[in-house]
J.: 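Before I ask anything, let me first share the structure, which is written out below as structure tokens.
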Amino acid sequence: MDQELQSSSYHYIFLAVILLLPLLAAKLRRRNRCTNPPPGPWRLPVIGSLPHLVGALPHRAMRDLSRRHGPLMLLRLGELPVVVASSPAAAREVMRTHDAAFASRPRTATLRELTRDGLGVAFAPHGEHWRQLRKLCVSELLSARRVRSLRRGREAEAANLVASVASLSSPSPAPPTPPGAARPVNVSALLARYVTDAIVRAVVGDRIGDRDAFLEKLDEGVKVAAGFSLADAFPSSRLARALSGAARRARAHHSEMTRLMDGVIEEHAQRRAAAGAGNDEEEDLLDVLLRVRKDGNLQVPLDMGTIRAVIIDLFGAGSETTATTLQWAMAELMRHPAALRKAQAEVRRVLAGEHRVAEEALLEMRYLKLVLKETLRLHAAVPLLLPRECQEETRGVLGRFDVPGGAMVLVNAWAIGRDAGIWGADAEEFRPERFEEGDMAGVDFRGTDFEFVPFGAGRRICPGIALGLAVMELGLASLLFHFDWELPGGAAPEQLDMDEGLGITARRKSDLWLQATVCVSVPKLRHLENPLSLYS
Ligand code: HEM
């Protein structure tokens, strides 16, 4: 009997092992996952790779690390694995070969607070909500046709920009500027205001009442969204959540932004009611969103929380990036007088006999476009692109590496744009002509050439390229057409400070001050607001 029992027990154990074998094997496979993670620098317990990033701008520190550890590198920021792609081949893996696996965005504690009652496009996880809103952006809100239809507002803002420069730089009778000399103007501040006004006008059709408060909040929002907090690095730790003020700040920011946005939407409704129904050509982006909401033909609910979030995305993603690029373009031209003269000669030749820059003329400004292209190469405004998230473990990246599920994935567009192995020995030089000669002629930023990805690529590529370029080309052409430019106090070009400041965008560390002399007269505007308020 005992023997019988024993033999039947063995029988059952044997059966159980046979049945459980596939499960055990799967578990072992899971445990052995990421047998070949990308290489990376040494790490400390708890804080991981953070010491390698202290004291330098993240895109520069990551470029230096990738030179030692390779084009696909694994870092650990606290608990969070972070994979960084730093070569065209690695960028292609992330944004083309495995684009679907890496198409989501991380939902950090801070971002969850910022998007509490509505997700827009930029931070939405890969899924139906994002797909529908993205389609709306590409086909309706930011399409080439829509961007063209918003031309008049942009031209009005460009006219305001040149009128502000003329008014602020008119010779001062008082010291410290010598009598009769043009006063230096803060070109950074003027361009930032021009770009935000042009984007705000595209989105809501006009300036907004509480504009300065709104712009301040928007700037704060970009900083809060970009910040990497203690709670984001240690998502499983209650202590980190308690100690980190980021989520609290994000919550406060969210309530204030909601209040301001409701004011903007209300103002817009009143303007529309006063003007009567507009035609399609005059629709701004908020009109389009409200029309689509009314028609109800989007497959995800377009409630007011979502509309607010989309508008905030358009302001947030569009303003700082475009302004930063324009500021660098002006700075690079001041450092390279031959390129400045060439761009200026082209603009004045194309516009000979005109008194202002109309957008049609931009089509003929070939060199101006190269100047902006070269600026985007050297100064990718979002140097690490927007972070992506690896949705599930992905094997065989770059042929051999496993990227762990849940990892944050960054593409160092800034490092790729300056790589001497790709761009040649003069990779760090500003030379717009490189795009019309040799191997790099025709390399473009629209997501097919992985040597040059300032707007990203793949499913998440920036949908605002056409609007961004329109605003930049018009702004730059207007400054070059109306004014001659010099560095204040006769400083030499190589004295111009080109340092970058800290932030999600690679903005200039210090404001760009220049002296402008009117060359082609500037039309007087009846409604020019007090330009001095810029400096207050
Ligand atoms: C020089 C100007 C600009 C630059 C350099 C730029 C750059 C970028 C980059 C690098 C990304 C992330 C791409 C990725 O993850 O692969 C992005 C996303 C985005 N950009 Fe832009 N951008 C610019 C202008 C604009 C403008 C004018 C708008 C609209 C007003 C805009 C709207 C967006 C949106 C909505 C996203 C999120 C797309 C998504 O997640 O699906 N951008 N941009």
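Numbering of ligands and ligand atoms starts at 1, following listing order.
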J.: Nearest protein heavy atom to atom 6 (C) of ligand 1, by residue and atom, and its distance?
T.: F455 CD2, 3.6 Å
J.: Examine distances only and state if a side-chain atom of R418 and a backbone atom of L378 form a donor-acceptor pair shorter than 3.5 Å.
T.: yes
J.: Measure the distance from atom 2 (C) of ligand 1 to every protein heavy atom, then report the residue, atom name and distance (to 0.1 Å) of the closest one.
T.: T322 OG1, 3.6 Å
J.: Please confirm whether P454 comes under 4.0 Å of ligand 1, counting heavy atoms of the residue only.
T.: yes
J.: Work out whether the distance between some heavy atom of W130 and some atom of ligand 1 is less than 4.0 Å.
T.: yes
J.: Would you check if the side chain of Y194 reaches a backbone N or O of G475 as a donor-acceptor pair within less than 3.5 Å?
T.: yes
J.: I'd like to know if R259 pairs up with E256 as an ion pair, taking the criterion as any Lys NZ or Arg NE/NH1/NH2 lying under 4.0 Å from an Asp or Glu carboxylate oxygen.
T.: yes
J.: Do any heavy atoms of D313 fall under 4.0 Å from ligand 1?
T.: no
J.: With E140, which of R291, R134, K135, R145 fulfils salt bridge (Lys or Arg N to Asp or Glu O under 4.0 Å)?
T.: R291
J.: Students should be able to answer this: which protein heavy-atom is nearest to atom 16 (O) of ligand 1, and at what distance?
T.: R388 NH2, 2.6 Å
J.: Is the side chain of R388 donor-acceptor paired with the backbone N or O of A103 at a distance under 3.5 Å, no angle test?
T.: no
J.: In this structure, which one of R271, R201, H268 forms a side chain to side chain donor-acceptor pair (under 3.5 Å) with D284?
T.: H268
J.: Can you figure out which of G120, A466, C462, A91 has its heavy atom closest to atom 20 (N) of ligand 1?
T.: C462
J.: Give me the nearest non-hydrogen protein atom to atom 34 (C) of ligand 1 as residue plus atom name, then the distance to 0.1 Å.
T.: P463 CD, 3.4 Å
J.: Assign the ring pair H379 / W328 to parallel, tilted or perpendicular, where the plane angle (0 to 90°) is split at 30° and 60°.
T.: parallel
J.: Give the residue, atom name and distance (to 0.1 Å) of the protein heavy atom nearest atom 38 (C) of ligand 1.
T.: R134 NH1, 3.5 Å
J.: Give yes if a backbone or side-chain nitrogen or oxygen of R105 is under 3.5 Å from a nitrogen or oxygen of ligand 1, and no if not.
T.: yes
J.: Give the residue and atom name of whichever protein heavy atom lies nearest to atom 30 (C) of ligand 1, and the separation in Å to one decimal.
T.: L314 O, 3.4 Å
J.: For atom 26 (C) of ligand 1, what is the closest protein heavy atom, and at what distance to 0.1 Å?
T.: G318 CA, 3.4 Å
J.: Starting from atom 24 (C) of ligand 1, locate the nearest protein heavy atom and write down its residue, its atom name and how far away it is, to 0.1 Å.
T.: T321 OG1, 3.5 Å
J.: Heavy-atom distance to atom 40 (O) of ligand 1: which of M472, H379, R460 wins?
T.: R460
J.: Is the W423 to F430 ring centre distance short of 6.0 Å?
T.: no
J.: Using 4.0 Å as the upper bound for N to carboxylate O, is an ion pair formed by R460 and D99?
T.: no
